[in-house]
Number of protein chains: 2
Amino acid sequence: MTGNTVLDAIDAAILRELQNDARISNKDLAARVNVAASTCLERVRALQRRGVLAGFHADADPAALGRPLQAYIAVRVRPHNRDVVEPFIRFVLDLPETLALSHIAGADDFLVHVAVRDAAHLQRLLLDGFTSRREVAHLETQLIFSHIRKWDISPL
Amino acid sequence: MTGNTVLDAIDAAILRELQNDARISNKDLAARVNVAASTCLERVRALQRRGVLAGFHADADPAALGRPLQAYIAVRVRPHNRDVVEPFIRFVLDLPETLALSHIAGADDFLVHVAVRDAAHLQRLLLDGFTSRREVAHLETQLIFSHIRKWDISPL
DNA sequence: GTCATACCCCGAAGAGTATTCGGACCCTGT
DNA sequence: ACAGGGTCCGAATACTCTTCGGGGTATGAC
């Protein structure tokens with residue numbers, strides 16, 4: 001291995017396998033990427049140390065948890081300064097409906113990805129959760145028909 | 001346990017722990033949720049069978065993989081019918097830059113979440129990947145300052 | 001009451017896995 | 001040739017997974 005950014009073929013393979021199945025045993029992982037188990041273990045730990053592997057997470061299905069409807073909520077926050085923005089972020093992340101939150105550049109300031117029980121639940125969330133807050137200047141909601149997340153992010 | 005939708009306290013705890021760390025050992029998981037290891041194992045398998053636990057994935061940091069810049073690309077596809085939409089979806093999911101793809105209701109048809117090396121890379125992706133396609137009628141790109149994904153989805 | 005049924009849970013133990021560590025190997029520069 | 005640094009490996013011990021038989025408890029029929 002040469003530079004600081006690039007992964008060699010074995011690291012890339014480890015990354016691929018762990019993104020595909022985070023609960024694979026170290027022994028099986030080692031077999032798949034053709035190194036000894038001890039080597040494999042050390043490589044995984046190195047990837048974690050380097051921050052390439054940021055964590056391992058179970059993927060729970062929102063629909064199976066009674067929240068089959070997803071939406072994006074675009075939010076404009078006024079005034080758009082630290083004292084307003086930081087509490088707003090904390091508020092959104094504390095909502096059980098929230099799946100993800102993006103702070104974006106453009107006409108809107110935030111894009112909130114939510115999963116709810118049904119349209120009535122979404123309506124309640126919008127009215128009671130968002131429009132009732134003073135700093136929320138504008139809302140725009142888009143229903144999500146389907147959402148596909150790619151699990152295998154590859155280097156460059 | 002009664003219904004089909006609800007999880008009891010132990011299942012909810014298992015879900016929480018596995019979303020927090022998918023590589024926790026079954027023994028440690030059992031200790032955290034206060035059941036025997038064998039019981040815990042069976043519960044995890046039941047959650048997988050039921051589709052509540054859809055998978056386990058390593059979380060790779062796009063920035064550490066040389067792609068520190070993220071954006072949403074809103075796309076309008078014309079005509080919006082099966083023969084056009086399905087190849088488009090396949091195309092987007094095959095792009096290495098794509099992190100996620102949503103099919104949405106509203107003025108735009110798709111929202112594509114991408115991670116790229118830099119602005120020039122994004123520009124190339126837009127021009128060569130998207131606007132060069134016949135079915136792409138409109139594009140709107142928003143840079144992402146920060147993106148926070150919540151890992152712990154709770155029931156209801 | 002008491003019996004049957006259906007769950008859920010548990011602990012023991014063999015099979016299997018993780019992890020450490022010393023040493024082999026292979027570059028690279030002197 | 002040889003020293004230094006890095007990477008990899010396999011053996012061995014400690015630890016974990018997984019199966020399986022059995023115990024506890026709630027429910028409902030008689």
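In what follows, chains are A, B, ... by sequence order, proteins preceding strands, each numbered from 1.
As a whole-Å value, the separation of A:Arg43 CZ from C:dA18 P is 18 Å. Per the geometry, CD1 belonging to A:Ile14 stands 12 Å off C1' belonging to D:dC8, to the nearest Å. If you measure from atom CG of B:Leu7 to atom P of C:dC8, you get 13 Å, rounded to the nearest angstrom. The CD atom of A:Gln48 sits 10 Å away from the P atom of C:dT19 (whole-angstrom rounding). Taking atom CG of residue B:Asp28 and atom C1' of nucleotide D:dC15, one finds them 11 Å apart after rounding to whole Å. Remark: P of C:dC7 and CD of B:Glu42 are 13 Å apart, rounded to the nearest angstrom. Put simply, CG on B:Leu41 is 14 Å from C1' on C:dG16, counting in whole angstrom units.
Both the sub-6.0 Å distance and the 45° axial angle are not jointly satisfied by A:Arg133 relative to the ring of A:Phe88.
Both B:Ala36 and A:Ser38 lie close to DNA chain C; mapped to their nearest nucleotides by heavy-atom distance, the more 5′-ward contact belongs to B:Ala36.
For the atom pair OH (A:Tyr72) and OH (B:Tyr72), the distance works out to 5.5 Å, reported to the nearest 0.5 Å.
Taking side-chain N and O atoms only, B:Thr39 has no distance below 4.0 Å to OP1 or OP2 of C:dC8.
For A:Arg45, the listed nucleotide lying nearest its side chain is C:dT20; candidates were C:dT20, D:dT18, D:dC8. Of the candidates D:dC9, C:dA18, D:dT18, C:dA18 carries the atom nearest the A:Asn26 side chain, counting heavy atoms from C-beta on. Of the listed nucleotides (C:dA18, D:dC9, D:dT18), C:dA18 has the atom at the smallest distance from the side chain of A:Lys27.
Contact annotation for A:Ser25: backbone-only contact, meaning every heavy-atom pair under 4.0 Å involves sugar-phosphate atoms and none involves a base. Heavy atoms of B:Arg23 sit nowhere under 4.0 angstrom from any nucleic acid atom. Note on A:Ile24: nothing from the nucleic acid sits closer than 4.0 angstrom, heavy atoms only.
Remark: A:Arg23 engages A:Asp21, B:Leu18, B:Ile24, B:Phe56 in a side chain to side chain contact (heavy atoms under 4.5 Å, CB included) (not counting sequence neighbours).
The closest donor-acceptor contact from the side chain of A:Gln19 to the backbone of A:Ile153 lies under 3.5 Å. Side-chain N or O atoms of A:Asp109 include one that pairs as donor or acceptor with a backbone N or O of A:Val77 at under 3.5 Å.
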